[in-house]
Enquirer: 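One structure is given below, represented as structure tokens, and several questions about it will come after.
What's counted below: heavy atoms across the whole structure, side chains too, no hydrogens, waters or symmetry copies.
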Amino acid sequence: MWEVLNSKVRLWLVVTPSVSLFFFYFNVIDQPLIRSLSFTVTSLAFLVWGVGRYAWKWIYFDWLKENLCPDFNGRWMGEISSNYNDGTKVSFPIEIEADFFRIRMKANTTVGRTYADYCRVVRTKDDKFELAYMFEGHNKTQTETDTSFYDGAARVIVDDVKTMRMSGLFWTNRCWNKKENTAGTITFEKD
């Protein structure tokens, strides 16, 4: 969510509490300069960690979800339609964990598991939200026609913020050396 904010807003969110905390320690509590700076940095670190990781969930009401950034947290049902084998379709549950500074995804399928630590939310030019991510896939067993590990990427647009339905495209480098890498469409619906 942090990335979706305008740079001026991000600056304001950092400078305002910093100056306020320093003023409090230096002028109100009457601490020396170095101690006031130290207390400010320490307090700000705990404040950012507490609010960014936990407290934002209680103050993140519907208007912010619709206008700032959707809440991606929760269980989803994903479905891919791949170019592999003339149109393979696979449905799978996926878990998305998001806080104010990061998003992580993980899924288990019938053939293995995937996870994504590199996820980014962007605001598109037509004012929609887009979730772009890179993922790693690990198959349970390696076969002659498949690999045990592969990378991929996807870009999905939030079609409707109220229902949190997302759709987009994905690709992988799975079996790329055999010219069998996969690509296709992907959809997510919140459980």
Enquirer: Without swapping roles, check the side chain of Asn73 against the backbone of Ala98 for a donor-acceptor pair under 3.5 Å.
Expert: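 Checking the backbone N and O of Ala98 against the side chain of Asn73, a donor-acceptor pair under 3.5 Å is found.
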
Enquirer: State, with a plain yes or no, whether a side-chain heavy atom of Tyr115 is found less than 4.5 Å away from one of His138.
Expert: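 Sidechains of His138 and Tyr115: in contact.
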
Enquirer: Could you check whether any side-chain N or O of Lys106 sits under 3.5 Å from a backbone N or O of Arg113, counting only pairs where one atom can act as donor and the other as acceptor?
Expert: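 Absent.
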
Enquirer: Any idea which heavy atoms bring Phe92 and Ile186 closest together, and the distance?
Expert: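 Smallest interatomic distance, heavy atoms only, reads CZ-CD1, 4.3 Å.
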
Enquirer: Mind listing the closest non-hydrogen atom pair of Leu44 and Leu21 along with its distance?
Expert: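 Smallest interatomic distance, heavy atoms only, reads N-CD1, 4.0 Å.
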
Enquirer: Using a distance-only test with no angle check, is there a side-chain donor-acceptor pair under 3.5 angstrom linking Thr124 and Glu130?
Expert: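 No - no donor-acceptor pair under 3.5 Å links their side chains.
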
Enquirer: With sequence neighbours excluded, what pairs up with Phe188 under the ring-ring contact (aromatic ring centres under 6.0 Å, His included) test?
Expert: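 Result, ring-ring contact (aromatic ring centres under 6.0 Å, His included) vs Phe188: none returned.
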
Enquirer: Nearest 0.5 angstrom please: Lys190 NZ to Met77 CE, how far?
Expert: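 Between atom NZ of Lys190 and atom CE of Met77 there are 15.5 Å.
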
Enquirer: Would a 4.5 Å heavy-atom cut-off, applied to side chains only, mark Tyr150 and Thr182 as touching?
Expert: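 When only atoms from C-beta onward are counted, Thr182 and Tyr150 do not touch, as no gap falls below 4.5 Å.
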
Enquirer: Roughly how far, to the nearest 0.5 Å, is SG of Cys119 from CZ of Arg102?
Expert: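 That separation rounds to 10.5 Å.
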
Enquirer: Work out which heavy atom in Pro93 is nearest to a heavy atom in Ala107; give both atom names and the distance.
Expert: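 Heavy atoms of Pro93 and Ala107 come nearest at O-CB, 3.4 Å.
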
Enquirer: Apply side-chain hydrogen bond (donor to acceptor under 3.5 Å, both in side chains) to the pair Glu79 and Thr187, showing each step before the final yes or no.
Expert: CA-CA 5 Å; Glu79 181 176 282; Thr187 59; 4.9 Å; no

Enquirer: Hydrophobic clusters here meaning ILVMFWY residues chained together by side-chain heavy-atom distances under 4.5 Å, can you tell me if Phe46 and Val41 are in one?
Expert: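 Looking at the clustering, Val41 is in a separate group from Phe46.
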
Enquirer: Can you name the side-chain hydrogen bond (donor to acceptor under 3.5 Å, both in side chains) partners of Arg120, sequence neighbours left out?
Expert: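 In terms of side-chain hydrogen bond (donor to acceptor under 3.5 Å, both in side chains), with neighbours along the sequence ignored, Arg120 is linked to no residue.
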
Enquirer: For the pair Ile103 and Val121, evaluate side chain to side chain contact (heavy atoms under 4.5 Å, CB included) and give the outcome as yes or no after the intermediate values.
Expert: CA-CA 9 Å; Ile103 297 176; Val121 178; 3.2 Å; yes

Enquirer: Minimum heavy-atom separation for Phe129 and Cys69, please, with both atom names.
Expert: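 Smallest heavy-atom distance, with atoms named: CE2-CA, 3.7 Å.
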
Enquirer: Could you state the interatomic distance from CG (Leu47) to OG1 (Thr40), rounded to the nearest 0.5 Å?
Expert: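 Leu47 atom CG to Thr40 atom OG1 measures 11.5 Å (nearest 0.5 Å).
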
Enquirer: Indicate yes or no for a side-chain donor-acceptor contact from Asn139 to the backbone of Gly112 under 3.5 Å, with no hydrogens or angles considered.
Expert: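 Between the backbone of Gly112 and the side chain of Asn139 there is no qualifying donor-acceptor contact (under 3.5 Å).
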
Enquirer: Who else is in Leu37's hydrophobic cluster (ILVMFWY, side-chain heavy atoms under 4.5 Å, direct or via others)?
Expert: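 Phe22, Phe26, Leu33, listed by chain and number.
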
Enquirer: In the structure I gave you, are the side-chain heavy atoms of Phe170 and Ile80 within less than 4.5 Å of one another anywhere?
Expert: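 They are in contact (side-chain heavy atoms under 4.5 Å apart), so the answer is yes.
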
Enquirer: If you define the side chain from C-beta out and look only at heavy atoms, does anything of Phe39 sit under 4.5 Å from Gln31?
Expert: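 Phe39 vs Gln31: side chains touch.
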
Enquirer: Please give the remaining members of the hydrophobic cluster of Leu169, linking ILVMFWY side chains under 4.5 Å, ordered by chain and number.
Expert: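 Direct or chained contacts put Leu169 with none.
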
Enquirer: Please test Tyr25 against Ser43 for side chain to side chain contact (heavy atoms under 4.5 Å, CB included), starting from the C-alpha separation and ending with a verdict.
Expert: CA-CA 10 Å; Tyr25 289 125; Ser43 299; 2.5 Å; yes

Enquirer: With ILVMFWY side chains joined below 4.5 Å, transitively, what does Tyr118's cluster contain besides itself?
Expert: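 ILVMFWY cluster around Tyr118 also holds Met134.
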
Enquirer: Would you mind reporting whether Met105 and Phe72 have side-chain heavy atoms less than 4.5 Å apart?
Expert: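 No; the side chains remain at least 4.5 Å from each other.
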
Enquirer: Answer yes or no: is there a side-chain heavy-atom contact under 4.5 Å between Ile96 and Trp76?
Expert: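 When only atoms from C-beta onward are counted, Trp76 and Ile96 do touch, with a gap below 4.5 Å.
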
Enquirer: Side chains of Asp117 and Tyr133, heavy atoms from C-beta outward: is any pair under 4.5 Å?
Expert: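 They are not in contact (no side-chain heavy atoms under 4.5 Å apart), so the answer is no.
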
Enquirer: I'd like to check Phe101 versus Val48 (side-chain heavy atoms, cut-off strictly below 4.5 Å). Are they in contact?
Expert: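 Touching, per the 4.5 Å side-chain cut-off.
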
Enquirer: Counting N and O atoms only, with roles assigned by atom type, does the side chain of Ser36 sit under 3.5 Å from a partner on the main chain of Pro32, one being a donor and the other an acceptor?
Expert: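 Checking the backbone N and O of Pro32 against the side chain of Ser36, a donor-acceptor pair under 3.5 Å is found.
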
Enquirer: Side-chain donor-acceptor contacts of residues 157-164 below 3.5 Å, not counting sequence neighbours, with atom names and distances?
Expert:
residue : atom : partner : partner atom : Å
Asp159  : OD1  : Ser167  : OG           : 3.3
Asp159  : OD2  : Arg165  : NH1          : 3.0
Asp159  : OD2  : Ser167  : OG           : 2.8
Asp160  : OD1  : Lys162  : N            : 3.3
Asp160  : OD2  : Thr163  : OG1          : 3.2
Lys162  : NZ   : Glu66   : OE2          : 2.9

